[in-house]
Student: 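Sharing a structure below in C-alpha cells format, with a few things to ask.
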Number of protein chains: 4
Amino acid sequence: MSPRTPHQFELIRDEKRNLIMDVALSLFAGNGYHNTTISQISKQAGISKGLMYNYFTSKEELLSEILNRSEAEILSCFDPNRDGYLTEDEFVHFVEKVFQIIRERISFWRLFYQFLLQKDVRENFILTHIADDNPLIDNDSSALFIKQMLSVLRDYFIRKKERMPSDYDPETDMRMFLYTIEGYGLSIIFSDNTDEKAHASTIAKIIDSYK
Amino acid sequence: MSPRTPHQFELIRDEKRNLIMDVALSLFAGNGYHNTTISQISKQAGISKGLMYNYFTSKEELLSEILNRSEAEILSCFDPNRDGYLTEDEFVHFVEKVFQIIRERISFWRLFYQFLLQKDVRENFILTHIADDNPLIDNDSSALFIKQMLSVLRDYFIRKKERMPSDYDPETDMRMFLYTIEGYGLSIIFSDNTDEKAHASTIAKIIDSYK
Amino acid sequence: MSPRTPHQFELIRDEKRNLIMDVALSLFAGNGYHNTTISQISKQAGISKGLMYNYFTSKEELLSEILNRSEAEILSCFDPNRDGYLTEDEFVHFVEKVFQIIRERISFWRLFYQFLLQKDVRENFILTHIADDNPLIDNDSSALFIKQMLSVLRDYFIRKKERMPSDYDPETDMRMFLYTIEGYGLSIIFSDNTDEKAHASTIAKIIDSYK
Amino acid sequence: MSPRTPHQFELIRDEKRNLIMDVALSLFAGNGYHNTTISQISKQAGISKGLMYNYFTSKEELLSEILNRSEAEILSCFDPNRDGYLTEDEFVHFVEKVFQIIRERISFWRLFYQFLLQKDVRENFILTHIADDNPLIDNDSSALFIKQMLSVLRDYFIRKKERMPSDYDPETDMRMFLYTIEGYGLSIIFSDNTDEKAHASTIAKIIDSYK
DNA sequence: GATGAATGAGTATTCATTCAT
DNA sequence: CATGAATGAATACTCATTCAT
C-alpha cells in the first residue's frame with residue numbers, strides 16, 4: 001500500500017486526459033462540435049462533469065488540445081528526418097501512407113473539415129498557415145511541414161519529366177495529382193464505406209496514374 | 001385605403017420568404033447551422049424573430065426549404081432534356097458548368113458538406129440516395145438525376161477509348177476524373193480563394209487531362 | 001343595389017359577433033381558454049385575425065362577453081316572473097329543465113367550471129356572488145336569481161314535510177337533493193356520454209327520490 | 001472536505017424532487033397548468049429554472065409525475081387487503097375516508113378535474129379507464145381498483161335490502177349515493193369553504209341517508 | 001481528486017395584439 | 001369593413017460552467 005509517486009499520478013492523469021480526448025473526438029466528429037455536450041463526453045468517458053474541468057479549462061480548450069494532439073501525431077507519421085529526395089518507392093509509400101492516415105484518423109479529419117467549413121476558422125487558418133507574410137508562420141511547424149512536403153513532391157514530379165513524353169508538364173501533373181488525392185481522401189472522409197478491395201484498387205490506380 | 005389584394009400578399013410573402021432563406025443560407029454556411037441563431041437571421045434580414053415563424057414553422061423546416069430550393073435550382077441548371085449522348089464540346093461544357101455551379105452556389109455546398117459530416121445525416125443520405133434496393137429511390141429525382149449523369153459520363157469515357165492507346169481503361173479514367181473533379185470542387189468549397197486566373201487555368205488543365 | 005341601412009349593418013354585426021362567440025365558446029370549452037388561440041378562433045369563424053379586434057377589444061373581453069351572454073340566456077330559461085310557489089309538477093319540471101340546460105349548454109358549463117378551478121376566479125366569484133356583505137351583490141342579477149331560486153326550493157321542501165314521516169328534516173333533504181343534482185350535473189359535464197336511456201332513467205330516479 | 005456519498009446525493013435529490021412537485025401541484029391546481037410557468041414554479045421553490053430540468057425532463061413530465069405520485073398515495077390510503085366485505089362501520093369509515101382524502105389532496109383533485117374538462121384528455125381517460133373491452137384495463141391498477149371498490153359497494157347495497165322496505169331498489173340507491181358523494185365532493189373541490197362544522201354535519205347526513 | 005447539484009445566460013418558439021393598405 | 005404581415009414580450013428548455021462537499 002505504498003503511496004503513489006508523483007510520476008505515477010502523472011501517468012494516470014495523462015491516461016485519463018487521453019481517454020477524454022478520444023471520447024470527445026469521436027463524439028465531435030460524429031455529431032458535430034456544437035451538437036456534442038460536456039455531459040455526453042463525461043458520461044461516455046465514465047467520469048463526472050466536474051472532473052472534466054480538472055483536465056480542461058473549457059470545451060474550447062478540449063477541442064484545441066484534440067486538434068494539437070492529432071496534428072502532432074499525424075506529422076510524426078511522416079519521417080521528419082527525410083533527406084528531401086523521393087524515390088519512386090518512397091512516392092508509392094507516401095501515397096499509401098496518406099490514405100492510411102486518413103482512414104486511421106478519420107474522426108480527426110471529419111472534425112477538421114467540419115471547422116474548415118466555418119468562415120472564421122477558415123480565415124484564421126489561412127492567416128496562420130498559408131499567408132507567406134504572416135509573422136506567425138515561422139513558428140508554425142505544421143505550415144512549415146506542408147511547405148517542405150510540397151517542395152519534395154514538386155522535386156519528384158520535375159524528375160519524373162525525364163521518364164515522360166516531351167510535352168509533359170510537371171506542375172500540371174502535380175496539381176492533378178493533388179486534386180485526385182484530395183478528392184479520394186474526401187470521398188473517404190465523407191462516406192462510411194469500408195470496402196477494402198475497392199479501396200486498395202483505387203489507391204493502386206492513383207499510384208499507377210501518377211508515379 | 002383599399003385593402004391589399006391576395007396577389008399583393010403573395011408577392012410580399014414570396015419576396016420575404018426568399019430574403020429569409022438567402023440570409024439563412026449565408027449564415028448557416030458561414031457559421032454552421034447549429035452555430036447560427038434565429039435572432040441572427042432575423043436581425044440580418046431586418047425582421048422580427050416572430051415573423052420568421054410566419055414563414056417557416058421551425059429552424060429545421062427553414063433548413064429543409066433552403067436545401068430543397070437549392071437542389072431544384074441546381075438540377076435545373078443541367079439540361080434535363082439531353083439525349084444521353086455527350087460530345088467532346090458538351091463534355092467541356094459540362095465540366096465548366098459543374099465548377100460554375102459550385103462557385104455560384106458555394107454557400108449551399110458548404111452547408112451540404114457540413115451535414116454530410118454528421119453520422120446520422122450520412123446514414124440517412126446513403127439510405128435514401130445510394131442503396132439500390134431502397135424503394136424510395138425511384139421517387140427521388142436527385143438520386144435519379146445523378147444516376148443518369150453517371151451513365152452518360154460512362155458512355156463518354158467508353159467512346160473515348162477509340163482515341164486512346166490500347167491499354168486505356170475507361171472505368172479507371174472515369175474514376176480518376178471524378179476524384180479530380182471532387183477534389184478540386186472541394187478545394188474551392190473549403191477555401192475562400194478567388195484568384196480567377198488560377199481557377200481558369202486549373203479547369204483548363206482538368207479538361208485537357210480528361211476530355 | 002340600395003345601400004344597407006344602419007339597422008341592416010347592425011344585424012350583420014350582431015350575427016358575426018355571435019358566430020365568433022359560438023366558435024370561441026366551443027374551442028375554449030373543448031381545449032381550454034389558455035390553450036385556444038385567436039388564430040384558431042378566427043380561422044374557424046372564417047374571418048381574419050384583425051377583424052376579431054373589430055368586434056372584441058381583447059381575448060379576455062371575448063371571454064367575458066361569452067360568459068355574460070350565456071348567463072343571460074340561462075337565466076332567461078327559468079321563468080323570471082314566478083310567484084315563488086313551486087307545485088310538485090313545477091318541481092319535476094324544474095329538475096328536468098336544469099338537466100336540459102346543462103346538456104344544451106354543456107360547452108358553457110365546461111368553460112365555467114374550468115375557471116371555477118382557478119383560485120383567483122374562485123375568490124372573485126365568491127366575493128361577487130356569495131358574500132352577503134358585498135356591496136356589489138345587489139347589482140348582480142345572477143346572484144340574486146340564485147338566492148331567489150334557493151328560497152323557492154326551500155319553501156318546497158318545507159311543504160314536503162307534510163307528506164313525510166315525522167322525523168323528516170327538510171333542510172337535510174334539500175341539501176342531499178342539491179348535492180345529487182350537482183353530482184349528476186357534473187358527471188354529465190365531465191363526460192361525453194350520450195346514452196339517452198340511462199340519462200332519462202337517472203333523472204326519473206332523482207325526481208322520484210326527492211319530489 | 002470529503003465528497004458527498006451517493007446516499008447523500010440521493011437524499012438531496014428526493015427532497016428537492018418532492019419540493020418541486022409540491023410547489024408545482026399547488027400552482028397548477030391554483031392557477032391552471034397552462035397558466036403556470038416554469039419560472040413561477042422555480043421561483044416559489046427557491047431554485048433556478050435550469051435545476052428544474054435536472055429533475056424533470058419537461059413541464060409535461062413534471063405534471064405526469066405529480067399525477068402518478070398522487071394516484072399512488074390515494075390508492076394506498078384505502079386498505080388494499082380488504083376481504084371484499086363491507087360492514088356498516090366500514091361503510092361509514094369509507095365515506096369519511098373519501099372526504100378526508102378529497103380535502104387533504106384538494107390540489108390534486110382540482111388539477112385532475114382541470115384536465116378532465118379537456119376534450120382530448122377526456123377521450124383518452126375514457127379509453128384507458130372505463131371501456132370494458134380495452135385491453136389496457138387489466139394492467140391499470142387504478143381502473144382495477146375502482147372496479148373492485150364499486151363491486152364491494154354494490155355488495156353492501158344489496159345486503160342493505162334486508163333492512164329496508166320491500167320496494168327498495170339497491171341499484172338506484174347506490175347510484176343516488178354515488179351522485180351525492182360526487183356532488184358534495186365537487187362542491188368541496190370547487191369552493192374554498194373551510195367551515196368545519198357544516199362539513200361534519202353534511203357528512204353525517206350523507207352517511208345517515210345511505211348507510 | 002471527484003462528484004453531481006446548482007446556476008444563468010442563451011435559444012427556439014408562441015401568440016395576443018397592432019397596423020399599413 | 002377587412003386583411004394578414006409584422007411585432008415583441010413571454011415561455012419552455014439547453015448547456016457550459018461553478019461550487020459545496
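Everything numeric here is computed off the predicted structure, so don't read it as measured data. Residue numbers start from 1 in every chain, and the chains themselves are labelled A, B, ... in the order their sequence lines are given, proteins ahead of strands.
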Student: Classify the angle between the aromatic ring planes of Tyr113(C) and Phe190(D) as parallel (below 30°), tilted (30 to 60°) or perpendicular (above 60°).
Tutor: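 Judged by the thresholds at 30° and 60°, the geometry between Tyr113(C) and Phe190(D) is perpendicular.
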
Student: Round to the nearest Å and state the distance from Asn31(A) atom CG to dC15(F) atom C1'.
Tutor: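 In whole Å, dC15(F) C1' and Asn31(A) CG are 16 Å from each other.
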
Student: Looking at the side chain of Ile38(C), which of dT17(E), dC13(F), dA2(E) is the nearest nucleotide?
Tutor: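 Of the options given, the side chain of Ile38(C) lies nearest dT17(E).
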
Student: Between dT3(F), dA6(E), dG10(E), which one does the side chain of Lys16(D) approach most closely?
Tutor: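 Nearest to the side chain of Lys16(D) among the choices is dA6(E).
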
Student: Distance to the ring centre below 6.0 angstrom and angle to the axis at most 45 degrees; does that hold for Lys59(B) and Phe28(B)?
Tutor: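 Relative to the ring axis of Phe28(B), which defines the angle, Lys59(B) lies outside at least one limit.
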
Student: From dT3(E), dT11(F), dA5(F), pick the nucleotide closest to the side chain of Phe9(B)?
Tutor: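 So the side chain of Phe9(B) is nearest to dA5(F).
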
Student: Taking for each residue the nucleotide of DNA chain E bearing the nearest heavy atom, is the 5' side occupied by Gly46(A) or by Thr37(C)?
Tutor: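 Between the two, 5'-proximity favours Gly46(A).
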
Student: Pick the nucleotide of DNA chain E nearest each of Ser39(B) and Ser58(C); which residue has the one closer to the 5' end?
Tutor: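 With Ser39(B) and Ser58(C) compared, the 5'-side residue is Ser39(B).
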
Student: Testing Thr37(D), Ile47(D), Ile20(D) for side chain to side chain contact (heavy atoms under 4.5 Å, CB included) with Ser42(D), which one passes?
Tutor: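 Testing each of Thr37(D), Ile47(D), Ile20(D) against Ser42(D), the sole residue satisfying side chain to side chain contact (heavy atoms under 4.5 Å, CB included) is Ile47(D).
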
Student: Report the residue (Gln8(D) or Tyr33(A)) whose heavy-atom-nearest nucleotide on DNA chain F is the more 5′ of the two.
Tutor: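 Comparing both residues, the 5'-ward one is Tyr33(A).
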
Student: How are the rings of Phe112(C) and Trp109(C) set to each other: parallel, tilted or perpendicular (split at 30° and 60°)?
Tutor: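 Because their plane-to-plane angle is over 60°, the rings of Phe112(C) and Trp109(C) count as perpendicular.
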
Student: Salt bridge or not for Asp192(C) and Arg110(C), using N-O below 4.0 Å?
Tutor: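 A salt bridge is present here (some side-chain N lies under 4.0 Å from a carboxylate O).
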
Student: From CG of Leu51(D) over to C1' of dT17(F), roughly how many Å is that when rounded to an integer?
Tutor: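 The distance from CG of Leu51(D) to C1' of dT17(F) comes to 15 Å, rounded to the nearest Å.
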
Student: Output the single nucleotide from dA2(E), dA12(E), dA6(E) whose closest atom is nearest the side chain of Ser48(A).
Tutor: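 Side chain of Ser48(A) sits closest to dA2(E).
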
Student: Rounded to whole angstroms, how far apart are CG on Leu63(D) and P on dT11(F)?
Tutor: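 Rounding to the nearest Å, CG of Leu63(D) and P of dT11(F) are 18 Å apart.
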
Student: Side-chain N or O of Tyr55(B) less than 4.0 angstrom from OP1 or OP2 on dA6(F)?
Tutor: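 Tyr55(B) to dA6(F) OP1/OP2: side-chain N or O found under 4.0 Å.
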
Student: Write down the distance between CD1 (Ile41(A)) and P (dT17(F)), rounded to a whole number of angstrom.
Tutor: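 Distance check: Ile41(A) CD1 to dT17(F) P gives 11 Å.
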
Student: State plainly whether the residues Arg17(A) and Asp22(A) are in salt-bridge range, i.e. N to O under 4.0 Å.
Tutor: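 Between Asp22(A) and Arg17(A) there is no salt bridge, as every charged N stays at least 4.0 Å from the carboxylate O atoms.
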
Student: At less than 4.0 Å, is any side-chain N or O atom of Arg4(B) found next to OP1 or OP2 of dA2(F)? Yes or no.
Tutor: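 Arg4(B) to dA2(F) OP1/OP2: no side-chain N or O under 4.0 Å.
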
Student: Give a yes/no on whether any side-chain N or O of Tyr53(C) is located under 4.0 angstrom from OP1 or OP2 of dT17(E).
Tutor: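 Yes, such a contact exists.
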
Student: Nearest whole angstrom, please: distance from the C1' of dA6(F) to the CD1 of Ile20(B).
Tutor: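 Atom-to-atom, Ile20(B) to dA6(F), this comes out as 11 Å.
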
Student: If dA20(F) has a Watson-Crick or G-U wobble mate with both distances under 3.5 Å, name it; if not, just say none.
Tutor: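 dT3(E) - that is the nucleotide pairing with dA20(F), both distances being under 3.5 Å.
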
Student: May I have the distance from His34(A) (atom NE2) to dG10(E) (atom P), rounded to whole angstrom?
Tutor: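 For the pair His34(A) NE2 and dG10(E) P, the rounded distance is 16 Å.
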
Student: Nearest of dT7(F), dA6(E), dC13(F) to any side-chain atom of Ile47(B)?
Tutor: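 Of all the options, the side chain of Ile47(B) is nearest to dT7(F).
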
Student: Would you mind reading off the distance between Glu61(D) atom CD and dT14(F) atom P, rounded to a whole angstrom?
Tutor: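 In whole Å, dT14(F) P and Glu61(D) CD are 11 Å from each other.
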
Student: Nearest of dA16(E), dG1(E), dA5(E) to any side-chain atom of Arg13(A)?
Tutor: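 Looking only at side-chain atoms, Arg13(A) lies closest to dG1(E).
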
Student: Would you say dG4(E) has OP1 or OP2 under 4.0 Å from some side-chain N or O of Lys49(A)?
Tutor: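 It does not, given that no N or O in the side chain of Lys49(A) lies less than 4.0 Å from OP1 or OP2 of dG4(E).
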
Student: Heavy atoms only, 4.0 Å cut-off, all strands: where does Thr57(C) land among base, sugar-phosphate and nothing?
Tutor: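 Touches nothing.
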
Student: Classify Ser42(C) by what it touches in the nucleic acid, base, sugar-phosphate, or nothing, heavy-atom distance under 4.0 Å.
Tutor: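 The residue Ser42(C) makes no contact with any strand.
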
Student: Under 4.0 Å, heavy atoms only, any strand: does Ile12(B) hit a base, just the sugar-phosphate, or nothing?
Tutor: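 Sugar-phosphate contact only.
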
Student: May I have the distance from Lys43(C) (atom NZ) to dA16(E) (atom C1'), rounded to whole angstrom?
Tutor: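 The distance from NZ of Lys43(C) to C1' of dA16(E) comes to 16 Å, rounded to the nearest Å.
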
Student: Check whether any side-chain N or O of Asn54(B) sits under 4.0 Å from OP1 or OP2 of dA6(F), and answer yes or no.
Tutor: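 Checking dA6(F) against Asn54(B), no side-chain N or O comes under 4.0 Å of OP1 or OP2.
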
